[in-house]
Every structure is written in structure tokens, then in C-alpha cells.
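First the structure, in the form of C-alpha cells, and then the observations on it.
What you see is a predicted model, and the numbers here were worked out from it, not measured in a lab. All values below come from the heavy atoms of this structure, side chains included, with hydrogens, waters and symmetry mates left out. Every number for a ligand or one of its atoms is a count from 1 in the order of the listing.
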Amino acid sequence: MTGTPGAATTGDGEAPERSPPCSPNYDLTCKNKVVTVDGARVKLQIWDTAGQERFRSVTHAYYRDAQALLLLYDITNKSSFDNIRAWLTEIHEYAQRDVVIMLLGNKADVSSERVIRSEDGETLAREYGVPFMETSAKTGMNVELAFLAIAKELKYRAGRQPDEPSFQIRDYVESQKKRPSCCSFV
Ligand SMILES: Nc1nc2c(ncn2[C@@H]2O[C@H](COP(=O)(O)OP(=O)(O)OP(=O)(O)O)[C@@H](O)[C@H]2O)c(=O)[nH]1
């Protein structure tokens, strides 16, 4: 899922789903994930797109309806990081205007091969006003947090009362995220 968007749509854990059932195909995989937010079950339907250029025309159709997009790059692979700007441009054009976007720098466990500094991810995320953290699919670092933050944001939007203070996903992520413990590069 590196250099690529993963899209999420939600449904109430109990209610009929807003999204159609998962039907993965050759260039997309799909999984359901239930996250508990303030005692309520939020079901996320997660689509993992392939990042290759040749799939872009196919993936438009999928992320057009997404409520959230997780953009992953690989901290050991510069081109995956460089691709993120192109994806953000695509998203601006094709995704819903209020889509929740999160930038994730994956493989944070392999610090010896790091070529993208955390600060570079932070700077890019700030430029686009999106939350950012580094993750590791291997150790699990910040992985649950990424889905929890998305679920919180979507649940908040769905049930917001006019006088309720808004949920600030960037502040939440900043306060909860773990930082990689070692930084042997630059
Ligand atoms: N050390 C480490 N390896 C990882 C991590 N995430 C993925 N990998 C490894 O990187 C390789 C590629 O992982 P994939 O998830 O298939 O990569 P991808 O970019 O999604 O590939 P496509 O779905 O084909 O675009 C596999 O060998 C994974 O085990 C991570 O956080 N840390």
C-alpha cells in the first residue's frame, strides 16, 4: 500500500452498511475493520489500491466515494514519497471535497534504511493541512491509531451537535502518536 491511497468508508457496526460489500479484484483488496469509538462500533471498509501509474484510472472510481484516504509512503523509498504530491493532486480532482486525508510514512522500524526524514513527512503534511505519523506494519506502531483517528473523525462528523466542540484530528494524532525510537539516518 506504499505510495498509494487506502480508502475507507464507514457504516454503523449494527446498522445496514452505507457501502456495498467488499468485492476485491485484481488491483484492489478490501477488508472490513471494526473500531470502537466512545463505546460505539464503527465499521470501516478499507480498500487497498495498487500504487502503480497504470492503475490510476481504475482507482479514481474507488476513491471518488471514499470518506477517508490514507496515503502511505515507504520511508526507505524516495519515489514512494515523491509520488504523494501526485496523489494529492489526483485526490483534489477526483475525491469528495471533505474527504479525510491522512499521510503515513510506513516501515518506521527499518531506520537503518531510512531515506525520508520524519521532518520531511511533517513538512509535506503541514503544507496540505493533513495529519501525519510514521507507522510500522511490522511492529504495529501507530497502525491502530491511524484507523481509530479516522473512525473518530467520521463518527464525529456523522453525529455532531451544533454546540459540540469540533474534533481536531491533527491535534489528536499529534497527542497520541508514537515516534520511532531510533534515528540512525541524517
Ligand atoms: N520492515 C517492514 N516491512 C514492511 C512493512 N510494511 C510492509 N513491509 C514489507 O514490504 C513488502 C511490501 O509490502 P506490501 O504491503 O506488499 O507493499 P505494497 O506497496 O502494498 O505493494 P502493492 O500492494 O503491490 O502496491 C513486504 O515484504 C512486506 O512484508 C513495515 O512496516 N516494515
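- For ligand 1, the atoms closer than 4.0 angstrom to any heavy atom of N106 are 5 (C), 6 (N), 30 (C), 31 (O).
- Looking at ligand 1, you'll find an N or O of K107 within less than 3.5 Å of one of its N or O atoms.
- For the pair A137 and ligand 1, the shortest N or O to N or O distance falls below 3.5 Å.
- Looking at V99 and Q67, their side chains never come closer than 4.5 Å, going by heavy atoms from C-beta outward.
- Proximity annotation for atom 1 (N) of ligand 1: of D109, I75, T135, D109 comes nearest, heavy atoms only.
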Distance-only criterion, 3.5 Å: show the donor-acceptor pairs between side-chain atoms of residues 139-151 and protein atoms not counting sequence neighbours.
| from | atom 1 | to | atom 2 | distance (Å) |
| --- | --- | --- | --- | --- |
| T139 | OG1 | S136 | OG | 3.2 |
| T139 | OG1 | M141 | N | 3.2 |
| N142 | OD1 | K178 | N | 2.9 |
| N142 | ND2 | E134 | O | 2.7 |
| N142 | ND2 | K178 | O | 2.8 |
| E144 | OE1 | K33 | NZ | 3.3 |
| E144 | OE2 | K33 | NZ | 2.9 |

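- Of the options L88, V130, L69, a side chain to side chain contact (heavy atoms under 4.5 Å, CB included) to L103 is made by V130 and by none of the others.
- Side-chain contact between V173 and M102 is present, with at least one heavy-atom pair separated by less than 4.5 Å.
- Between Y73 and F81, the angle of the ring planes goes over 60°, which puts this pair in the perpendicular group of the 30/60° scheme.
- Close contacts of ligand 1 with S136, meaning ligand atoms under 4.0 Å from a residue heavy atom, involve 31 (O).
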